[in-house]
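Counting convention: from 1, in listed order, for ligands and their atoms alike. Nothing here was measured: the structure is a model prediction, and the numbers come from that model.
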Amino acid sequence: MSNDKKFRSYDWFGKSDKMGFVHRSWLRNQGYPSDYFDGRPVIGICNTWSDLTPCNAHLRDFAEVVKRGVIEAGGFPLEFPVTSLGETIMRPSTMLFRNLASMDTEETIRANPLDGVVLLTGCDKTTPSTLMGACSVDLPTIVVPGGPMLNGRYKGECVGSGSFNWLIKEKQTVENYTAADILEMEIGVARSQGHCMTMGTASTMACMVEALGLTLPGAAAIPAVDSRKKVMAQLSGRRIVEMVKEDLKLSKVLTREAFENAIVVNAAVGESTNFIIHLLAIAGRIGVALNLDDFDALGSKIPLLVNLKPSGKYLMEDFYYAGGLPVVLQEIMPYLHPDTITVNGSTLGQNNAEMTCHNKEVIATLAEPLQTEAGIAVLKGNLCENGALIKPSAASPALMKHRGRAVVFETIEDYHARIDDPDLDIDETCVIVLKGVGPKGYPGMPEVGNVDLPEKLLKKGIRDMVRISDGRMSGTAAGTVVLHVSPESAVGGTLAVVQNGDMIELDVEQRRLHLDISDEELQRRKAAWVPPAPRAVRGYVKLYINHVQQAHLGADMDLLQGGSGSELTRDLH
Ligand code: FES
C-alpha cells in the first residue's frame, strides 16, 4: 500500500498490520480493486432513502450518481443508510426522532473510515438531523437536497402539497367537496418523486443549506425529476473529493456570518417557522452562538421576495424556472455577508453575481417586494418568558393586534374531543389555547399548532382565529398562529396555568404576548400546578424527555450539544 497517512481513513486502510488486513479484506468482498485502498479520499454517502419516506424515495438512484462523481474525482465512495424520517407517515411526530437520527448520523460518520461526507436529504427533518450529526463530527461535508416534486395539479389549477390538506375540512364543510373530489386531488398533488413543492419546511431546509454555503450554487430549487438535479448530484460527488484535499470542513463554512446569511435569506423566501428550531440546533452542534432574538433582529425587517405557497401563489417548480435561490441571493446581497466561503471554494457573493430573474411575479425585487417585512417575529411576555414565534406573512393582518377570551384545550386529545361540539362556548374573537404539545409534553413537539377552527365558525365564514400553543406548525400551513411557546406547559410555563375565560393580548408589532391576570394570581396558580405524568417510561423516548431542551434552544438534547470531533474510535483488536 502506498497510503501516506494524509487522510483519516489511513488508520483503517493504510496499515499493513492485522487490522489493516481486516479492514480491507472484508470490503474487498464487494469487488473493490487494490488501488481503492491507496490513500485516496474515502467519501461517505449518507443516505436518508426509505420507502417509508416518500419524499426521499428517489435518493437511492441519486447515491449512484454521487458515486459516479466521487470516482471521477479519484475518491472511494461508500454509501450508508441512516434513520430516515418520513413526515407524513411516522407517529407521533418526526420531530421526536430528529435528535435520534442526528445521533445515528454522527456516530456512523465517526465510527467509520470516512474523510468526507455527502448528505442526501429531502423530507423536512432529514436535512437538519443529518446536518446536526455531521456538525458534531466536523468533516468536509456537502449537502445534496433531493428536490421538490413537480407542481401539484387539480382541475386545471396548481395545488401545493401539504398546503391543501389543511383546507380539507373547510372544503368539505363549506364547498361540499365529495370523497371523489378529494381522491382526485390526493393523486394530483403528488405527481412525481421529490419533497413538498410549497415553501414548506423541506424547501425551507433546502434554501437554508444553500444559503449557509453547504450546497453547490442553485441546488435548492431544482425539481427532483429534472435531469439537472442529477448533474448537481454528480458534481457534488466530484467536489467533495476536492474538499477533503482542501480540508474544507464544516466549521470553516458554518461561521456566525453564514448563519446570519441563512436567517436573512430564509426571511426573504417566506420560510417555515421550523427553520428557527432547526437552525438553532445546528448552531448548537457546530458551536456558533445564536439565539431566538437573532432571528427577529436580523430577519423580521427583511422584505419578502418569493411568491410561493403557503403565503403566496406559486410553487417550487415555478421558483426554479424563475431562477431559483441564486436570484434571491443576488437581490438580497446588500443584507448578506458576501464573503462567506461556500463548499465550492468560492464566496456566496462570487457564486451569486449576474443572475437573471425570468419571472418577476415569482421572485420580486427589493425595490418592489411582495411584503416589506417578511421574517418571523419573536414574541415575549408573561405567557412566553423565553419567547414564542409568529409568522406575520402567514397571519391575518386584522388579528396581529388582538385581545380575546381563552378557550383552553389541555391536550390535543381534549381538542379533538370538543372542538366541534355545537355547545362549545367559542366565537371568532376567542383565542384557542392548546397545551401539552411541546418538546417534553407530547413528547416531540408535533405540528399541530395550526389546529382547525370549529366547524360552526367555518360555516359562518370564519377562516382565521388566534391560536396559541407550545407546539409547531407545518411549514405548509398558515394562520394567526403563535407557536413554540417556551417554557412549554409540561414544565410549568405560564401556558400550563391559562384557564378558560382568561383574557390574552397579542400585539405582534410590540412583540408582546400577555396573559391578563395579576402577578399574584399567576404565582398562586403556578404554586398549585401539578406536572402531568410523562408519556413514556422507557427507551429512546424516555431519554428524549429527560434531556430535550426547550424550543427556544432548538429542542436539541442537552447531551448532544457541541461535538466530539472526528477523533478515531479506538481499535480494540
Ligand atoms: Fe416530506 Fe413535506 S412531507 S417534505
Side-chain angles (χ1 to χ4, degrees), residues 47-60 62 82-98 101 119-131 143-152 158-168 185-210 215 219-226 229 266 269-275 277-278 308-311 314-317 319-320 325 391 394 444-450 472-478:
N47 203 342
T48 54
W49 165 87
S50 167
D51 278 342
L52 290 167
T53 306
C55 307
N56 296 23
H58 59 303
L59 296 183
R60 206 182 235 178
F62 272 42
V82 290
T83 307
S84 190
L85 305 172
E87 198 66 28
T88 51
I89 290 178
M90 282 187 100
R91 293 180 180 180
S93 165
T94 51
M95 187 62 181
L96 176 61
F97 305 112
R98 183 199 65 178
L119 304 177
L120 294 184
T121 67
C123 198
D124 297 10
K125 309 297 183 300
T126 58
T127 304
S129 62
T130 53
L131 184 53
V143 184
V144 177
M149 290 187 263
L150 297 176
N151 286 358
C158 264
V159 285
S161 57
S163 291
F164 179 75
N165 30 311
W166 307 114
L167 302 175
I168 286 178
M185 183 167 276
E186 185 178 305
I187 299 162
V189 294
R191 295 173 48 234
S192 78
Q193 297 168 328
H195 60 67
C196 290
M197 81 302 270
T198 48
M199 187 52 77
T201 303
S203 301
T204 296
M205 290 294 99
C207 292
M208 175 190 78
V209 286
E210 185 168 339
T215 70
I222 309 174
V225 294
D226 193 304
K229 197 73 184 186
N266 278 270
V269 301
E271 72 220 291
S272 153
T273 46
N274 288 317
F275 164 71
I277 205 159
H278 297 319
L308 256 59
K309 291 177 190 292
S311 305
Y314 295 97
L315 293 166
M316 285 296 282
E317 196 182 336
F319 184 41
Y320 178 54
L325 198 66
K391 184 176 177 180
M445 206 182 174
E447 291 182 333
V448 294
N450 55 310
R472 295 178 303 118
M473 172 171 89
S474 166
T476 58

Next on the checklist: Does Lys125 form a side chain to side chain contact (heavy atoms under 4.5 Å, CB included) with Phe97? I'd like the steps, not just the answer.
Outcome noted: CA-CA 9 Å; Lys125 309 297 183 300; Phe97 305 112; over 6 Å; no
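Interface atoms of ligand 1 facing Ala202, defined by a heavy-atom separation under 4.0 Å, are 4 (S). Close approach to Cys123 involves these atoms of ligand 1, each under 4.0 Å from a residue heavy atom: 1 (Fe), 3 (S), 4 (S). The Glu87 neighbourhood of ligand 1 comprises atoms 3 (S), with distances under 4.0 Å to a heavy atom of that residue. Using a 4.0 Å cut-off to heavy atoms of Cys55, the atoms of ligand 1 that qualify are 1 (Fe), 3 (S), 4 (S). In summary, the atoms of ligand 1 found under 4.0 Å from a heavy atom of Thr88, numbered by their order in the structure, are 3 (S).
Of the N and O atoms on the side chains of Ser84 and Ser50, not one donor lies less than 3.5 Å from an acceptor on the other residue. Residues Thr94 and Glu87 have side chains that bring a donor and an acceptor to within less than 3.5 angstrom of each other.
Backbone or side-chain N, O or S atoms of His195 do not reach atom 2 (Fe) of ligand 1 at under 2.8 Å. Among the atoms of Cys196, no N, O or S atom is found under 2.8 Å from atom 1 (Fe) of ligand 1.
Atom-to-atom distance recorded for Ser474:OG and Asn274:CG is 7.0 Å, nearest 0.5 angstrom. Once rounded to the nearest 0.5 Å, the distance linking CE of Met90 with CG of Leu52 reads 8.5 Å.
Applying the side-chain contact (heavy atoms from CB on, under 4.5 Å) test between Thr130 and each of Val143, Leu85, Leu120, Leu119 identifies Leu119 as the sole match.
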